[in-house]
> 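Sharing a structure with you now.
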There are 2 protein chains.
Amino acid sequence: MDAAIACFRKRGFHQATMAEICAEAGISAGALYRYFASKAEIIGAIAEDSRGESDEAFLRAAEEHGIIEAMCLACRGFMQKFADGDGSLIADIFAEAIRDDSVSTPLRATDAQSVKVFTKAMKAAQERGEVDPSLDAEMTVNTLFAALEGIGLRRAFLRDTDPDAALLQFRALAERYLSPRHE
Amino acid sequence: MDAAIACFRKRGFHQATMAEICAEAGISAGALYRYFASKAEIIGAIAEDSRGESDEAFLRAAEEHGIIEAMCLACRGFMQKFADGDGSLIADIFAEAIRDDSVSTPLRATDAQSVKVFTKAMKAAQERGEVDPSLDAEMTVNTLFAALEGIGLRRAFLRDTDPDAALLQFRALAERYLSPRHE
DNA sequence: ACCTGAACACCGTTCAAGT
DNA sequence: ACCTGAACACCGTTCAAGT
């Protein structure tokens with residue numbers, strides 16, 4: 001069933017119709033509503049499972065190549081979605097999540113989990129002297145997440161979704177933001 | 001007529017109906033379509049005139065209090081929109097602009113104008129030694145815009161739209177990002 | 001010329017009827 | 001028990017008829 005969700009990728013959340021999703025999934029409208037209470041709930045389900053799976057991979061990368069490289073890895077995966085044309089879908093998810101608590105609540109839980117994992121890696125990097133220890137680890141992670149999301153959305157808006165350019169942009173920001181002061 | 005546009009503020013782009021907008025504006029559906037070719041065009045018009053007017057105020061602030069303070073001023077104005085509950089509307093605008101060229105083209109023109117103004121102020125700040133001169137001024141401005149937008153959206157998503165907290169977050173990022181290296 | 005508003009096409013959701 | 005799909009309520013857009 002979740003495979004039918006791929007409809008949104010092609011047409012966007014508000015453009016895709018329930019009829020199309022039903023056709024793609026090979027089920028009737030009534031059956032679809034047996035699995036999801038509404039269209040908004042479907043977008044919540046999509047957003048949720050496109051997140052979080054990569055957390056272990058991130059932790060390994062953070063240990064091996066440092067937190068900046070690991071964040072760049074996460075950045076690359078995220079930017080690829082914009083390059084694939086999913087930018088407006090991501091913006092739709094934001095809009096629905098901001099508007100509708102029943103969409104945002106499960107997403108916030110997944111997000112909080114990611115923040116936790118990244119914060120742990122951030123603290124480790126601070127102890128190694130890789131990152132300025134005077135930074136608040138959790139706020140720093142939140143800020144970098146926000147910057148990542150902002151860069152992706154803004155580049156999609158400006159019609160320049162080249163992931164390499166986005167990566168360079170993010171890396172330049174992250175390096176300066178995180179580097180210890182005084183040399 | 002643009003006053004009727006306030007409907008979106010209350011209900012969001014996809015939630016507000018043309019009938020509501022007509023009622024608020026005191027005109028009929030046919031008359032509304034005389035001024036705007038579609039609903040998407042209305043959101044384009046809203047987004048456009050909520051931008052750009054403050055550019056001169058920004059330039060004055062940049063000269064008087066430095067670029068970081070001036071950017072924080074812009075940040076405050078932007079964050080206030082999220083605190084006012086316009087977050088999902090802003091996300092809708094992003095989604096429509098990413099999806100629809102006829103929405104994004106006028107917005108990109110307005111945006112390019114702002115980037116130009118901020119870039120000029122950034123270069124002046126670099127000459128004053130306030131900002132690291134090795135940074136590319138235009139990319140830096142773009143990155144800070146992206147971060148600003150990202151912070152606003154993310155905070156709205158996390159249900160913490162306190163403008164003061166957002167400002168602190170943005171300022172911490174901007175100061176470290178822009179400060180000259182080696183002390 | 002410009003506006004009105006009924007009509008049209010379409011979409012998310014429901015529910016009586018089937019299996 | 002579960003599914004079907006016609007029906008419902010609603011919304012963006014149009015256009016023949018009015019002024």
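Just so we're on the same page: letters track the sequence lines, and every chain starts at 1. Predicted model only: the values in this text are computed from it and were never measured.
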> To the nearest Å, give me how far apart CD1 (A/Ile21) and C1' (C/dC10) are.
15 Å
> How about A/Phe94 and B/Phe94: are their ring centroids closer than 6.0 Å?
no
> Rounded off to whole Å, could you give me the CE-to-P distance for the A/Met18 and C/dT13 pair?
5 Å
> Give a yes/no on whether any side-chain N or O of A/Tyr33 is located under 4.0 angstrom from OP1 or OP2 of D/dC2.
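Result: no.
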> Mind checking who D/dT19 pairs with, Watson-Crick or G-U wobble, both distances under 3.5 Å?
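D/dT19 is paired, partner C/dA1.
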> Where the side chain of A/Tyr35 is concerned, which of C/dT13, D/dC3, C/dT4 is the nearest nucleotide?
D/dC3
> Find the partner of D/dT14: check Watson-Crick (N1-N3 plus N6-O4 or O6-N4) and G-U wobble (N1-O2, O6-N3) distances, both under 3.5 Å, and reply none if neither fits.
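The answer is C/dA6, by the H-bond criterion.
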> Return the value, rounded to whole Å, for the distance between atom NE2 of A/His14 and atom P of D/dC10.
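The distance from NE2 of A/His14 to P of D/dC10 comes to 19 Å, rounded to the nearest Å.
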> Without decimals, in angstroms, what is the distance between A/Phe8 CZ and C/dC11 P?
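After rounding, the gap between these two atoms is 13 Å.
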> State yes or no: are the ring centers of A/Tyr177 and B/Tyr177 separated by less than 6.0 Å?
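No, too far apart.
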> Testing the basics here: between B/Ala74 and B/Phe118, what is the closest heavy-atom pair and its distance to 0.1 Å?
CB-CZ, 4.2 Å
> Report the distance from atom CG of A/Leu32 to atom C1' of C/dT14, rounded to the nearest whole Å.
13 Å
> Base, sugar-phosphate or nothing for A/Ser28? Non-hydrogen atoms, less than 4.0 Å.
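The answer is base, as A/Ser28 lies within the cut-off (heavy atoms under 4.0 Å) of a base atom.
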> When clusters are formed by joining ILVMFWY residues with side-chain heavy atoms under 4.5 Å apart, either directly or through shared neighbours, do A/Met71 and A/Leu59 land in the same one?
yes
> In whole Å, I'd like the distance from the CD atom of B/Gln15 to the C1' atom of C/dG12.
13 Å
> Looking for any heavy atom pair under 4.0 Å, which part of the strands does B/Ala16 touch: base, sugar-phosphate only, or nothing?
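Sugar-phosphate, backbone atoms only, no base.
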> Please identify each residue that fulfils side chain to side chain donor-acceptor pair (under 3.5 Å) with B/Asp160, with sequence neighbours left out.
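For B/Asp160 the side chain to side chain donor-acceptor pair (under 3.5 Å) partners, ignoring immediate neighbours, are B/Arg155.
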> Just how far, in rounded Å, is P of D/dT19 from CD1 of B/Ile27?
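To the nearest whole Å, that distance equals 20 Å.
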> Given atom CZ of B/Phe36 and atom C1' of D/dG12, what is their separation to the nearest angstrom?
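So the CZ-C1' distance, B/Phe36 to D/dG12, works out to 15 Å.
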> Between D/dC3, D/dG12, C/dT14, which one does the side chain of A/Ala29 approach most closely?
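Nearest to the side-chain atoms of A/Ala29, counting from C-beta on, is C/dT14.
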